[in-house]
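Scroll down for the structure; my scribbles are underneath it.
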Amino acid sequence: MTTATPEKETAPSVAYVPTAESLGAVLASGEQPPRPSAWSASVTFGWRAMLKIKHVPDQLFDVTAFPVMMTLMFTYLFGGAIAGSTGEYLQFLLPGILVMSIAMITMYTGVGVNTDIEKGVFDRFRTLPIWRPSALVGALLGDVCRYLIGSTVILLLGLVLGFRPEGGFTGVVLGVALLIVFSFAFSWIWTMFGLFLKSEKSVMGVSMLVLFPMTFLSNVFVNPETMPGWLQAFVDVNPIAHLVAAVRSLMAGTPDGGEILWTLVSGGVILAIFGTLTMRLYNRK
Amino acid sequence: MSNNRGELAIQASGLIKTFGKTKAVRGIDLEVPAGTVYGVLGPNGAGKTTAVRMLATLLRPDGGEATVFGHDVVREADAVRSRVSLTGQYASIDEDLTGTENLMLLARLLGHRKPGARTRAAELLEAFGLTEAADRQVKNYSGGMRRRIDIAASIIKTPDLLFLDEPTTGLDPRSRNQVWDIVRIIVGQGTTVLLTTQYLDEADQLASRIAVIDRGRVIADGTPGELKSSVGSGSVHVRLRDAAQRSEAQQVLVRTLGTDVSLQPEPVALTARISGEDSGRAAAEQASRALAELAAAGITVDDFSLGQPSLDEVFLALTDHSASDSEEEVAA
Ligand SMILES: Nc1ncnc2c1ncn2[C@@H]1O[C@H](COP(=O)(O)OP(=O)(O)O)[C@@H](O)[C@H]1O
Ligand SMILES: [Mg+2]
């Protein structure tokens, strides 16, 4: 395989000599294809993200190990205390933990953009006559794949631990689909920070500062009715809380139209605001 | 790819770019005729990369205007992008991907479908002598191979204008010659090339016109011959067998060449500037006359060479400071 090949030294026995015939032929090469559509350019960048996962598989560690740890930790930490048994609590907790874990790993999007954009290859992408956001949309499509892998791992672990969703297969798939759609929109917050902040470290720092309150001050672990009024007010407007409620309802087989709509609208608003800011920064880079 | 005679590939006037307090480019004018290699020569920090990035639509100028084939680089950036390619100073290639993957990725972004992209990648790798390395990650390529794949990536769609930012800096002589050959072939097929470099001999070898830039300004431009004649055509380096004959040799050289002759730190070495004529032949003629005179005076010459003026000499002649001073001052 490519990665196992020893470096540099396989120099060809005959030194390379550029010739007018061979180079001339590739230069004159035929008719130009039409420029790709916005969608096709984005998918191509998504393919690049897949290739990067293939060559640098370490990046899958974040999206698997972290969710597994979260699920195990919180099921056994709170299971007995809150619901009396881990099995019962899991029915409530798992959709919430799923949302929380995926929301947490969206921050790697910002880190990825921050390191990627500094490399020379982005100069080349930015001189191509293609739809401008496609490089970032494509990177996010790659991230969507990572979210899917993370979701699958959590759901499988949940099933092993005793999660039995009433909504069945369809309910679970719809729940994951809603989560992924929202996460795609939500990730634009991090692409903005990825372009805006100087270092990987500061991107991580800011992400934590936003993500911890948004995920913990929600309905992931407990019913907000037990919380003080001011905290309930925050949970009421926290899009993550609405997403959790919507995913929970889908997986339980009792879809809550209001929560689903809330989630989609807040996703759309986030995308409109942070997508615009991201592209403004990207064009100015 | 129409390169009508007299058409301008690039026309820039008063380009300015400031980063914080650094005035990277402070008013650059350029006129690059289509179908030629245009050299932008300057020391590190002169503003070459910044100027190229503005012309390639990567940076928005703070002042001035530029058009590429008549399209404004700010207002009609998309039209400019469809006609140019850039090979940046640092690899503009994804090091984690293989050679094939890199070229396929770009071919698909230029509109090829998957099978077409694969064919295009394969034929380019072949033409650039990289077939054997096709399935290796670019981070495992040698410096010369990286440059080649970088240039190959720039001609997936043959551009009308190719920017090459210091394409040979850091390369060994053989790889440098390969890049020079590639550039000559590309321009021979009708593509205009704007090439930046720190080496006078590179600009001299490839470019039909050169702009010398220093501290963000064009301080001279013209054909390589014109530039060199403003400096002198080079210098003769002479090594004597016997150090005792050096002052005599110095007198002979001053008399025949009519220029300054400097004594080198080594007691047997002298260097004489050759002035005047713009063609290499005149310089060689003068040098051989000097040699003959030395022999006639009974002075034994052990070694002898004819050197081109260095960028530093060009700088000294054009400004009142040397290229390395300029770098320090810009960095300060
Ligand atoms: N992005 C940037 N931010 C701040 N300063 C920069 C930036 N890019 C270049 N410079 C400064 O601008 C000057 C010109 O740089 P550059 O165009 O890279 O020169 P060259 O390519 O001729 O070596 C240098 O002093 C450099 O430090
Ligand atoms: Mg540079």
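Just so it is clear: chains get the letters A, B, ... in the order the sequence lines come, proteins before strands, and each one is counted from 1. All figures in this text were calculated on a predicted structure; none of them were measured in a lab.
Sorted by first and then second residue, the pairs that involve residues 34-52 of chain A and meet salt bridge (Lys or Arg N to Asp or Glu O under 4.0 Å), not counting sequence neighbours, are A:R35-B:D78, A:R48-A:D116, A:R48-B:D94, A:K52-B:D94, A:K52-B:D96.
For chain B, the nearby part of A:T19 is the backbone; its heavy atoms alone come within less than 4.5 Å. Of the atoms belonging to B:D150, heavy atoms from both backbone and side chain fall under 4.5 Å from chain A. Within the 4.5 angstrom heavy-atom criterion, no atom of B:S85 approaches chain A.
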- Query: After noting the C-alpha distance and the side-chain angles of B:V80 and A:T127, does the key distance pass the side-chain contact (heavy atoms from CB on, under 4.5 Å) rule?
  - Reply: CA-CA 9 Å; B:V80 173; A:T127 51; over 6 Å; no

- Run the numbers on B:L105 and A:F125 for side-chain contact (heavy atoms from CB on, under 4.5 Å), then give the verdict. CA-CA 10 Å; B:L105 173 70; A:F125 295 152; 3.9 Å; yes

- Message: Applying side-chain contact (heavy atoms from CB on, under 4.5 Å) to B:E95 and A:V121, what does each step give before you reach the verdict?
- Response: CA-CA 9 Å; B:E95 307 226 315; A:V121 70; over 6 Å; no

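Counting heavy atoms of neighbouring residues, nucleotides and ligands inside a 6.0 Å radius, atom NZ of A:K119 exceeds 12 of them. A 6.0 Å sphere centred on CE of A:M208 holds no more than 12 heavy atoms belonging to other residues, nucleotides or ligands.
For the set B:A153, B:A77, B:G188, the entry with the most heavy-atom pairs within less than 4.5 Å of chain A is B:A153. Between chain A and the residues B:R113, B:R108, B:Q178, the most heavy-atom pairs under 4.5 angstrom are made by B:Q178. In terms of heavy-atom pairs under 4.5 Å with chain A, the best-connected choice from B:L86, B:T57, B:D181, B:L109 is B:L109.
Between A:Y16 and B:R148, the shortest heavy-atom distance links the atoms CD2-NE, 3.4 Å. Smallest separation of non-hydrogen atoms from A:L27 and B:I186: CD1-CA, 3.9 Å. Between A:H55 and B:E101 the shortest heavy-atom distance is NE2-OE1, 2.7 Å. Scanning all heavy atoms of the two residues, the minimum distance from B:S154 to A:R124 falls at OG-NH1, 3.0 Å. B:S82 approaches A:P129 most closely through the heavy-atom pair CA-CG, 3.8 Å. Closest of all the heavy-atom pairs between A:G24 and B:I185 is N-CG2, 4.4 Å.
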